[in-house]
Amino acid sequence: VLKEIGQVNALVMVMRAGRFTKFDKETIRTLRESFGPYFWRNMCVFLTGASAKPAQLNLDVEGPKLRQRMEQVEREIGADPQALQAIQRMHVYAADLDPVLTTVESRTSEFKFKPSLVRLGLEELISLDLRIPPNVMDMRVEEFRRFATSDPTIERWIEGNYHQLGLCRLAAFKADVLAMPPFKPGQVNRLADAPEDEKPPPDAGTNEALLRCNTASLEESAGISPSYFTAMEFLEAALLGSDVKLVKGSFLQTLASQRGIAPRRQELPPQAFWDSREFVQELKRAGHQPPPVIVSISYCWLSHQHPDPEGFYLRWVSQLLSSFAKWNRIAEDRIAVFWDWLSLPQEPRSPEEKSSFDTTLQHMHLWYAHTATSVWCLSRVPEGASAIYTSRAWTFFERSIAGMGDPAAPVLDLGMLRSTWNSWAHVLQDCKVRPQPPLAPEAFVSEMVRKNVRQESDRQRLAQSYGTVFRAAVSAAPRLHYAALRWGDREAVRLAKLLSLCTSCQELELQQNDIGQRGARALLAALPQCPGLYRLALWGNCIDPESQELLRTAWQQAGKPAAGLELGDQRKSLTPTVEVDGMKASATSASNASPTMSRKNSFMGLSPAGARRSPEEMAALQMAELGARQAAFEARLHVAISRISSALSEVGDAVGGHSPKSMATSLTTPSHQMASPSNRTG
């Protein structure tokens, strides 16, 4: 059956929790023999079962056991080193999923006396379950009432104990599966969407050549300004000194409603574009009118002749622009869109256009890495299309550099957007990309060689451009700001490996994250590689006293100023957790708790009922959840404001009186607080 499918995104093995039968082993062995070692990268396991014991759904216990059995299968067949590494990174999930929630009919029957839930689809129920904090059962009575009664759907969801089913884990499961590059059974060493005339991944020799090219790029960009991707002057110079055209958002909406398919750049009328000089003047002009907003589109071409032959991307972007403009309280023509098909000269090109195109490519990275641009990643493709966003070298490059200069920059993966969205608040809630430490140039090249390109010269160009971005945004930056990004030990370890490349770093801000012992000691080991570092902010993390003392000793031995190490107050570490592919599972045994409470705790990641927390632990737990609850509240608030504004707009149209926008302004926060999306989202 799999061979008839022809293309496989993920092999999901649903197994009964706590059991690994001979049939399971033979099935996995058959898959391994059929598809080779590559298939482990697309393998994931979902443990479930209504009769499972609570301990059998504990990923800290069952995850290592399961991986050990998978390794045994691989060692019996080939013991491929990359396969063994992939098994260790294999996604494992565990949840007691209730079949009654899977169909409309069964949900209607289940929620017969819960009208606030009966209208919700499965994805909306998953989103609802994500809003339930892990400590909901430990809340004080007054706090619980305030939280539960704020929304009738939340109250009914908790009342029916549906939050114990682990339904929210499907969200992580979906995100992980969508991120897996597909493969073909007959071509497991080559990505599935590669057209016949695209170059396959190069060999090891090409990889080494790209690494040399990347290193040379780092050396050539040694004199680049650290503000290259933050100061507006560099973006303005690129706009005035090249043939880039920014498209007006209003024109894209008109085009989507009339023709549905975007012509190439040379065929668009002059009124479709912003005048470059006028645009630069608008950016500098201070007044009551907000400056124009730049949106850069990252997407994969659907064909070599036309990137969007049926207008799929155009209609999608048009809908998003309308909602984006309302959210920012600007007109659609104040949005400037960088879209390669519409912004750069396309084939066939005249000699002058070819020269202009080559010059423009030298500044392509600016439109995705600059802090003044909002990057929209259109990672979803139309049904039936063979293109895959994650398998293309250009989209991998654009996604990798987006937000590198500013981790808090608005980078959106719009492929994660639910079909039921109706406001920009939903877009921010579903699609905002969680910042990650930047890839080292060697890691970028190693990953890029597995991606598809149409021209082999693109690999060298992308390696050089990434080296330029990394040098300006990371290596040459005197201050690296990675505070309040919810980074844990894994991100801290990755960052520690980069510090030897951060030759100009003087200040490193990592406060208000979730860094613990392992991450702190990785940073400690990297201190000798940072001679210029004189300030390291780590307050508000979860670093234990022993690691704090080791940090102070290493900091002093390195001859750095004592006041530069900012440890401050650390949040008390709660129940030890181990992160398994993006999900945290409690490491505390539930054997001493009652069956009902143990089952609940295994889902929610809480300590057993018998392990009472101290007031300090409770306070730390509540603080850890405060940010998530505040974000959910703000999203609901802005959805409500959007609905009220829409209603007032209808009233204004009906009476023909005051401006609906001015009527709605009094319902929102002051304009100086609503000037930018970052102010709204906290």
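Just the heavy atoms: all of them, side chains too, but no hydrogens, waters or symmetry mates, feed the values below. Because the structure is predicted, anything quoted here is derived from the model rather than measured.
- Using a 4.0 Å cut-off between charged nitrogen and carboxylate oxygen, R494 and E491 do not count as a salt-bridge pair.
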Query raised in the report: Could you walk me through whether M70 and M43 pass the side-chain contact (heavy atoms from CB on, under 4.5 Å) check?
Result: CA-CA 11 Å; M70 300 292 187; M43 177 77 171; 4.2 Å; yes
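- For the pair D406/T230, no side-chain contact is recorded, criterion being any heavy-atom separation below 4.5 Å from C-beta on.
- Once rounded to the nearest 0.5 Å, the distance linking CG of L485 with NE2 of H481 reads 7.0 Å.
- Using bins of under 30°, 30° to 60° and over 60° for the plane-to-plane angle, the ring pair Y466/F444 lands in the parallel bin.
- When every heavy atom of A473 is checked against every heavy atom of A477, the shortest pair comes out as O-CB, 3.5 Å.
- Looking at L567 and W539, their side chains never come closer than 4.5 Å, going by heavy atoms from C-beta outward.
- In plain terms, the two heavy atoms of A522 and A496 that are nearest each other are O-CB, 3.5 Å.
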Report task. In sequence, state the C-alpha distance, the side-chain angles, and the governing distance for L501 and F470, and then conclude on side-chain contact (heavy atoms from CB on, under 4.5 Å). Result -> CA-CA 10 Å; L501 301 175; F470 187 87; 3.9 Å; yes
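- Using modelled atom types, no side-chain atom of Q436 and backbone atom of W487 make a donor-acceptor pair closer than 3.5 Å.
- Looking only at distances, no side-chain donor or acceptor of E507 sits under 3.5 Å from a matching main-chain atom of L536.
- In this structure the side chain of R67 reaches within 4.5 angstrom of the side chain of V92, judged on heavy atoms.
- Interatomic distance, OG of S296 versus CD of E398, reported as 9.0 Å (0.5 Å rounding).
- The backbone N or O of C542 lies less than 3.5 Å from no partner atom in the side chain of R571, so there is not a single donor-acceptor pair.
- Within 6.0 Å of CD in Q68 there are 12 or fewer heavy atoms belonging to other residues, nucleotides or ligands.
- Across M416 and D430, no two heavy atoms sit closer than the pair CB-O, 3.6 Å.
- The pair E447-K451 meets the salt-bridge criterion, with a side-chain N (NZ, NE, NH1 or NH2) lying under 4.0 Å from an Asp/Glu carboxylate O.
- Distance alone, capped at 3.5 Å, is enough to place a donor-acceptor pair between the W555 side chain and the P561 backbone.
- Residues Q511 and L538 form no side-chain contact, since every pair of their non-hydrogen atoms from C-beta on lies 4.5 Å or further apart.
- Side-chain contact between V375 and L412 is absent, with no heavy-atom pair separated by less than 4.5 Å.
- A donor-acceptor pair is defined here as one N or O able to donate and one able to accept, closer than 3.5 Å; no such pair exists between the side chain of Y93 and the backbone of C44.
- A 4.5 Å side-chain heavy-atom check between L480 and C502 finds at least one atom pair inside the cut-off.
- Using a 3.5 Å distance cut-off with no hydrogens or angles, the side chains of E74 and W40 do pair a donor with an acceptor.
- Counting heavy atoms from C-beta on, the side chains of V493 and K497 come closer than 4.5 Å.
- K560 forms no cation-pi arrangement with Y534, by the criterion of a distance under 6.0 Å to the ring centre and an angle within 45° of the ring axis.
- Remark: side-chain polar atoms of N541 are paired, donor with acceptor, to backbone N or O of N513 under 3.5 angstrom.
- Salt-bridge check for R535 with E509: passed, with a basic side-chain N closer than 4.0 Å to an acidic carboxylate O.
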Query raised in the report: For V469 and L366, what are the C-alpha separation, side-chain angles and deciding distance, and is it a side-chain contact (heavy atoms from CB on, under 4.5 Å)?
Result: CA-CA 8 Å; V469 178; L366 264 175; over 6 Å; no
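- Going from atom CD of Q429 over to atom CG of L417 covers 10.5 Å, rounded to the nearest 0.5 Å.
- In terms of modelled atom types and a separation under 3.5 Å, the side chain of T553 and the main chain of E549 share a donor-acceptor contact.
- Taken to the nearest 0.5 Å, the CZ atom of R450 stands 13.5 Å off from the OG atom of S391.
- Considering all non-hydrogen atoms of both residues, V411 and C377 come closest at CG1-SG, 4.4 Å.
- In this structure the side chain of Y368 never reaches within 4.5 angstrom of the side chain of T373, judged on heavy atoms.
- Side-chain rings of F229 and H365 approach one another, their centers coming within less than 6.0 Å.
- The number of heavy-atom neighbours closer than 6.0 Å to CD of E566, taken from other residues, nucleotides and ligands shown, is above 12.
- For the residue pair W394/D458, the side-chain donor-acceptor check at 3.5 Å is satisfied.
- Taking each heavy atom of G519 and D489 in turn, the nearest pair found is N-OD1, 3.0 Å.
- Side chains of Y228 and T468: no donor on one and acceptor on the other come within 3.5 Å.
- A donor-acceptor pair is defined here as one N or O able to donate and one able to accept, closer than 3.5 Å; no such pair exists between the side chain of R471 and the backbone of A476.
- Using a 4.0 Å cut-off between a side-chain N of Lys or Arg and a carboxylate O of Asp or Glu, D413 and R399 qualify as a salt bridge.
- Rounding to the nearest 0.5 Å gives a distance of 9.0 Å between CD1 of I294 and OG of S374.
- Between the R486 side chain and the D514 main chain, no donor and acceptor come within less than 3.5 Å of each other.
- G488 and I515 get closest at one heavy-atom pair: O-CG1, 4.0 Å.
- Taking the charged nitrogens against the carboxylate oxygens, R521 and E546 do have a contact shorter than 4.0 Å, which makes a salt bridge.
- Taking the six-membered ring where tryptophan is involved, the planes of W367 and F338 are essentially parallel, since the angle between them stays under 30° and well short of 60°.
- Checking side-chain atoms of S379 against main-chain N and O of G415 turns up a donor-acceptor pair under 3.5 Å.
- Atoms CZ and OG, from R518 and S547 in turn, are 12.0 Å apart once rounded to the nearest 0.5 Å.
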Query - From CA spacing to verdict: side-chain contact (heavy atoms from CB on, under 4.5 Å), T395, T390 - result: CA-CA 7 Å; T395 53; T390 55; over 6 Å; no
